[in-house]
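Proteins get letters first, then strands, A, B, ... in listed order; numbering begins at 1 in each. None of the values given here were measured: they were computed from a predicted structure.
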Protein chains: 2
Amino acid sequence: MDQVEIFKALSNKTRLQILNWLKDPELHFPDHKVSCGETNGGVCVGHIQRKAGLTQSTISEYLVVLQRAGLVTASRVGQWTYYKRNEKAFEDLSNLVASEL
Amino acid sequence: MDQVEIFKALSNKTRLQILNWLKDPELHFPDHKVSCGETNGGVCVGHIQRKAGLTQSTISEYLVVLQRAGLVTASRVGQWTYYKRNEKAFEDLSNLVASEL
DNA sequence: AATATATATCGGTATTTCCCGATATACCAA
DNA sequence: TTGGTATATCGGGAAATACCGATATATATT
């Protein structure tokens, strides 16, 4: 777990926004299940992209950044990649900040 | 409290190192009290700079970055500026990561 | 095979960060 | 005042980041 990489991933307003949206996908992507079906809490790139209002390539890259930092996990199903939060990473980070930083 | 600014401040190995050193100044700057006297847990720029091995200007800027993010506080006494951790900021950040990020 | 859709990757420009040396400022001492 | 020490700020080159449009890849459909 590279601390600097984690903090860099968090050093961007859009990426923080995405993480926040993924806390409650049903709330922030109400039409996701309709168009994408049950996805176990993961949200596909396109929905995130449209909500963020940046280009597809940018959001795809941002999600890779978050994934490399361990903050989200990706699972490919068919042509979609569903991204979801890795809650354990946030717990660990919280503990790190509280006691070891 | 600007979250992005905080995470940017933490996105650098040297700055993380400094914060860690400031957790226990007596341990990491054993000769500080001898040369600088009792400083209420704060450490002057020069000692931090020598331990970090970067230039004076770089470390001075890094400390300003940490200060603007609220992670350290500065107090000037004579020609020295003593920097110390703002523990409350770390508590707040830990809670933020745990519940709101 | 051909086409369409979802995502990833590539190449590029503008901005930011990293870190430096030089200089400015503040304070202290003689 | 002169000089010395501690810190801050300025100007800059190299590297990283923020985005973009274009293209490549993977999968699904016909």
Side-chain angles (χ1 to χ4, degrees), chain A residues 2-19 22 29 31-37 39 42-69 71-84, chain B residues 2-19 22 29 31-37 39 42-69 71-84:
Chain A
D2 181 349
Q3 296 178 202
V4 171
E5 190 175 9
I6 293 174
F7 291 127
K8 278 190 177 164
L10 295 172
S11 297
N12 176 280
K13 190 151 190 136
T14 301
R15 288 194 296 263
L16 288 181
Q17 196 118 265
I18 291 170
L19 289 171
L22 292 181
F29 304 93
D31 54 341
H32 189 262
K33 196 187 284 187
V34 178
S35 47
C36 295
T39 57
V43 180
C44 66
V45 179
H47 276 72
I48 297 171
Q49 183 259 313
R50 282 189 291 280
K51 193 169 173 73
L54 295 181
T55 64
Q56 187 272 323
S57 60
T58 297
I59 297 303
S60 178
E61 278 168 9
Y62 280 10
L63 289 167
V64 168
V65 168
L66 291 173
Q67 186 191 9
R68 274 204 293 257
L71 297 167
V72 302
T73 57
S75 59
R76 183 133 211 184
V77 177
Q79 43 198 331
W80 291 277
T81 305
Y82 300 106
Y83 284 93
K84 65 190 291 194
Chain B
D2 181 349
Q3 295 177 202
V4 172
E5 190 175 8
I6 293 173
F7 291 127
K8 277 188 179 166
L10 296 171
S11 297
N12 176 279
K13 191 152 189 134
T14 302
R15 288 195 295 265
L16 288 181
Q17 195 120 265
I18 291 170
L19 290 171
L22 292 181
F29 303 95
D31 54 341
H32 188 262
K33 195 186 285 189
V34 178
S35 46
C36 295
T39 57
V43 180
C44 65
V45 179
H47 276 73
I48 297 171
Q49 183 259 314
R50 281 189 291 282
K51 192 169 174 72
L54 296 181
T55 63
Q56 188 272 323
S57 59
T58 296
I59 297 304
S60 178
E61 279 166 10
Y62 280 9
L63 289 167
V64 168
V65 167
L66 292 173
Q67 186 191 8
R68 275 204 293 258
L71 297 167
V72 302
T73 57
S75 59
R76 181 131 212 182
V77 177
Q79 44 198 329
W80 291 276
T81 304
Y82 299 106
Y83 285 93
K84 65 190 290 193

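Side chains of A:C36 and A:Y82 form a contact here, defined as non-hydrogen atoms less than 4.5 Å apart. By the 4.5 Å heavy-atom criterion applied to side chains, B:T58 and B:Q49 are not counted as neighbours. Taking the side chain as every heavy atom from C-beta outward, B:L66 and B:Y83 never approach each other to under 4.5 Å.
Atom CD in A:E5 sits roughly 17 Å away from atom C1' in C:dT17 (whole-Å rounding). Distance OH (A:Y82) to P (C:dA8): 12 Å, rounded to an integer number of Å. Distance B:Q49 CD to D:dA8 C1': 13 Å, rounded to the nearest Å. Atom P of nucleotide C:dT9 and atom CD1 of A:I59 are separated by 15 Å, given to the nearest angstrom. The CG atom of B:N12 sits 17 Å away from the P atom of D:dA15 (whole-angstrom rounding). Here D:dA8 presents its C1' atom at 16 Å from OH of B:Y62, a figure rounded to the nearest Å. Rounded to an integer number of Å, the gap from A:L63 CG to C:dA6 P is 16 Å. Between the CZ atom of B:R68 and the P atom of C:dT16 there is a distance of 13 Å, given to the nearest Å.
To the nearest 0.5 Å, atom CD of residue A:Q67 and atom NZ of residue A:K84 are 13.5 Å apart.
If you check every strand for non-hydrogen atoms under 4.0 Å, A:Y83 touches sugar and phosphate atoms only. Residue contacts for A:T81: at a heavy-atom cut-off of 4.0 Å it reaches the sugar-phosphate backbone alone, with no base atom in range.
The residue among A:W80 and A:Q56 whose nearest nucleotide of DNA chain D lies closer to the 5′ end is A:Q56. Mapping B:G53 and A:C44 onto DNA chain C via the closest heavy atom, the residue that lands nearer the 5' end is A:C44.
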Could you go through residues 5-18 of chain A and list every donor-acceptor pair under 3.5 Å that involves a side-chain atom there, pairing it with any protein atom two or more places apart or in another chain?
unit_1 : atom_1 : unit_2 : atom_2 : d
A:S11  : OG     : A:F7   : O      : 2.6
A:S11  : OG     : B:F7   : O      : 3.2
A:S11  : OG     : B:K8   : N      : 3.2
A:S11  : OG     : B:S11  : OG     : 3.0
A:N12  : OD1    : A:T14  : N      : 2.9
A:N12  : OD1    : A:R15  : N      : 3.0
A:R15  : NE     : A:A9   : O      : 2.8
A:R15  : NH2    : A:K8   : O      : 3.2

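For a distance-only test at 3.5 Å, the side chain of A:E61 qualifies as a donor-acceptor partner of the base of C:dC10. The base of C:dG21 does not come close enough to the side chain of B:T55 for any donor and acceptor atom to sit less than 3.5 Å apart.
Contact annotation: B:K8 side-chain N/O to C:dT17 OP1/OP2 distance is under 4.0 Å. The phosphate of D:dA18 has OP1 or OP2 within less than 4.0 Å of a side-chain N or O from A:R15.
Closest contact between the side chain of A:T58 and the listed nucleotides D:dC19, C:dA6, C:dC19 involves D:dC19. For A:R76, the side-chain atoms get nearest to C:dA6 when compared with the rest of D:dA16, D:dC19, C:dA6. Checked against C:dT7, D:dA8, D:dT5, the side chain of B:Q79 finds its nearest nucleotide in D:dT5.
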